[in-house]
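First the structure, in the form of structure tokens, and then the observations on it.
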Amino acid sequence: MEVCVIAKCTYKSETIMFSVSSESSMVDILKTLCLRFRGLQLGCFTLRYSVPSYPSCFLETDSDLDLMRTFLLISNGKTVDILVKDLCGSSEYSGDFCVNKELIACEKGESSCSSTIEDRNEFLGRSKRASAKPLLSNEWETYIHHVGQKFDGGAEEFRLKLCKYALEVGFNFLYVGNDKKRVVAVCSNKKLEGCSWRVYASRCEATGSFVIRTLNNVHTCAGRIRESKSKMMRSRVVSSLIVDRIQLAKLDVHGDESKSFNELVWYADAVKETNTGSLCTLDCEAGINRFRRFFVSFGGCIAGFQYCIPLLFIDATFLKSKYKGQLLCASGKNGNQGFYPLAFGVVDSETEEN
């Protein structure tokens, strides 16, 4: 008779629920727990389940799992509480968790565990090691987690976080639908092994954000060990990791561009006070004081121009700052045929008025 119950698994302050059928094995349960609970590592935890009159029953092997299902069938139980508990020392693989011990033995290269090689490949991303210094990618495994999850950055943000999630968990995926309105991805092992992992997200027309519509977040394929190199680590992922640091460095060197416009009034007054004969003109939109254009000609440059060839050359170049615009420059030639700067201005565009 088919026995299917709902397992309510609690780890620290978080609880997940999933179905346990007569076809489920301990490997299936372990795989689900390692994928769903953040920070849970293979070999570092034990399982105990609770039924009436028996609050702490071992759940370590397939035999224990069969006994649990049989007891629930007899007692007509529909749900079971399972407690996921850390071992005392995560670096010391102690305890009687048989499945975990065999898999750990494989990782250590012991020949006695050759029969568990296939099982060990089923745990995606389990090659991670505890580190005193948290890895930059530690939080990536939380980027994709439930139906209804929103991404305010639209399709671009969703695709980027999906790539990071796959990198951290340890699998590759393929796009079967990918545009500005919808993104559909499946596990790369779908064709070879029939893996059922799939995610579908589309744009919410009301807000413009991307929303996960359907998600099957459990892999039924053999998976793979996290590798030092991955096809998912593309240039867009790398650039997203360093863009914030680059922006902070530019801010330290050049200052805040938005705040610099507020200093123009002070700058014009300072130039006139310290460089006699200078001309500074700041033009703003009436009523709202929005910047339009700014011109400067230093007093020293004005005085020196009378000794230059009486020709002016005017040119403009595009500014590549946050607010764009153009830089105008009027220059002449001195007696040595060298460039002589006379005046410059910052404007919105190269027009007759400017």
Side-chain angles (χ1 to χ4, degrees), residues 136 151-161 163-164 180 207-209 233-354:
L136 186 63
F151 301 86
D152 294 333
E156 185 174 352
E157 180 190 355
F158 173 73
R159 284 190 290 261
L160 178 60
K161 287 194 172 181
C163 285
K164 290 182 177 180
K180 294 181 179 180
T207 62
S209 60
M233 183 59 77
R234 298 168 182 147
S235 59
R236 186 174 296 276
V237 176
V238 176
S239 64
S240 71
L241 302 178
I242 64 176
V243 64
D244 291 337
R245 297 185 181 184
I246 293 177
Q247 288 176 350
L248 289 175
K250 290 176 64 178
L251 186 63
D252 291 338
V253 174
H254 303 292
D256 192 329
E257 293 181 4
S258 61
K259 294 181 180 179
S260 64
F261 284 88
N262 296 328
E263 304 294 334
L264 288 178
V265 176
W266 167 86
Y267 179 78
D269 293 339
V271 168
K272 293 175 182 178
E273 290 179 4
T274 58
N275 198 326
T276 305
S278 297
L279 298 176
C280 291
T281 302
L282 174 61
D283 189 9
C284 299
E285 294 183 24
I288 59 176
N289 290 329
R290 178 183 293 173
F291 175 85
R292 290 184 63 191
R293 50 200 173 192
F294 183 64
F295 296 96
V296 177
S297 184
F298 296 113
C301 293
I302 295 174
F305 184 67
Q306 61 181 314
Y307 303 104
C308 294
I309 300 173
L311 289 174
L312 275 180
F313 304 89
I314 302 177
D315 200 4
T317 185
F318 292 100
L319 297 174
K320 297 182 180 180
S321 64
K322 178 180 179 180
Y323 299 99
K324 308 302 179 182
Q326 288 185 282
L327 174 67
L328 302 179
C329 182
S331 58
K333 280 191 174 183
N334 59 23
N336 293 326
Q337 301 298 311
F339 288 108
Y340 187 89
L342 177 61
F344 65 90
V346 177
V347 299
D348 55 355
S349 60
E350 188 177 356
T351 64
E352 291 284 345
E353 183 182 8
N354 286 331

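- Listed by chain and residue number, F261, L282, F291, F294 satisfy the side-chain contact (heavy atoms from CB on, under 4.5 Å) test with L264 (two or more places apart in sequence, or in another chain).
- Atom-to-atom distance recorded for L279:CG and I302:CD1 is 4.0 Å, nearest 0.5 angstrom.
- Using the six-membered ring where Trp is involved, F151 and F158 have ring planes that are perpendicular, over 60° apart on the 30 and 60° scheme.
- For the pair C280 and A268, the tightest heavy-atom approach, listed with the atom from each and the gap, is CB-CB, 3.9 Å.
- Within the model, atoms CG of D152 and OG of S209 stand 5.5 Å from one another, a figure rounded to the nearest 0.5 Å.
- Separating the CG atom in L319 from the CG atom in D348 is a distance of 11.0 Å, to the nearest 0.5 Å.
- For the side chain to side chain donor-acceptor pair (under 3.5 Å) condition, no pair includes a residue of residues 264-278, sequence neighbours left out.
- For K161, the salt bridge (charged side-chain N to carboxylate O under 4.0 Å, His left out) partners two or more places apart in sequence, or in a different chain, are E157.
- With sequence neighbours excluded, no residue forms a side-chain contact (heavy atoms from CB on, under 4.5 Å) with Q306.
- Counting only residues at least two apart or in different chains, salt bridge (charged side-chain N to carboxylate O under 4.0 Å, His left out) contacts with residues 282-293 comprise D283-R292, D283-R293, R292-E353, R293-E353.
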Show me, pair by pair, the donor-acceptor contacts under 3.5 angstrom made by side chains of residues 332-340, not counting sequence neighbours?
from : atom 1 : to   : atom 2 : distance (Å)
N334 : OD1    : N336 : N      : 3.0
N334 : OD1    : Q337 : N      : 3.2
N334 : OD1    : G338 : N      : 2.7
Y340 : OH     : C301 : O      : 2.9

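- Atom OH of Y323 has more than 12 heavy atoms from other residues, nucleotides or ligands within 6.0 Å.
- Within the model, atoms SG of C329 and CD1 of I314 stand 9.5 Å from one another, a figure rounded to the nearest 0.5 Å.
- Note that OG of S349 is 5.5 Å distant from CG of N354, once rounded to the nearest 0.5 Å.
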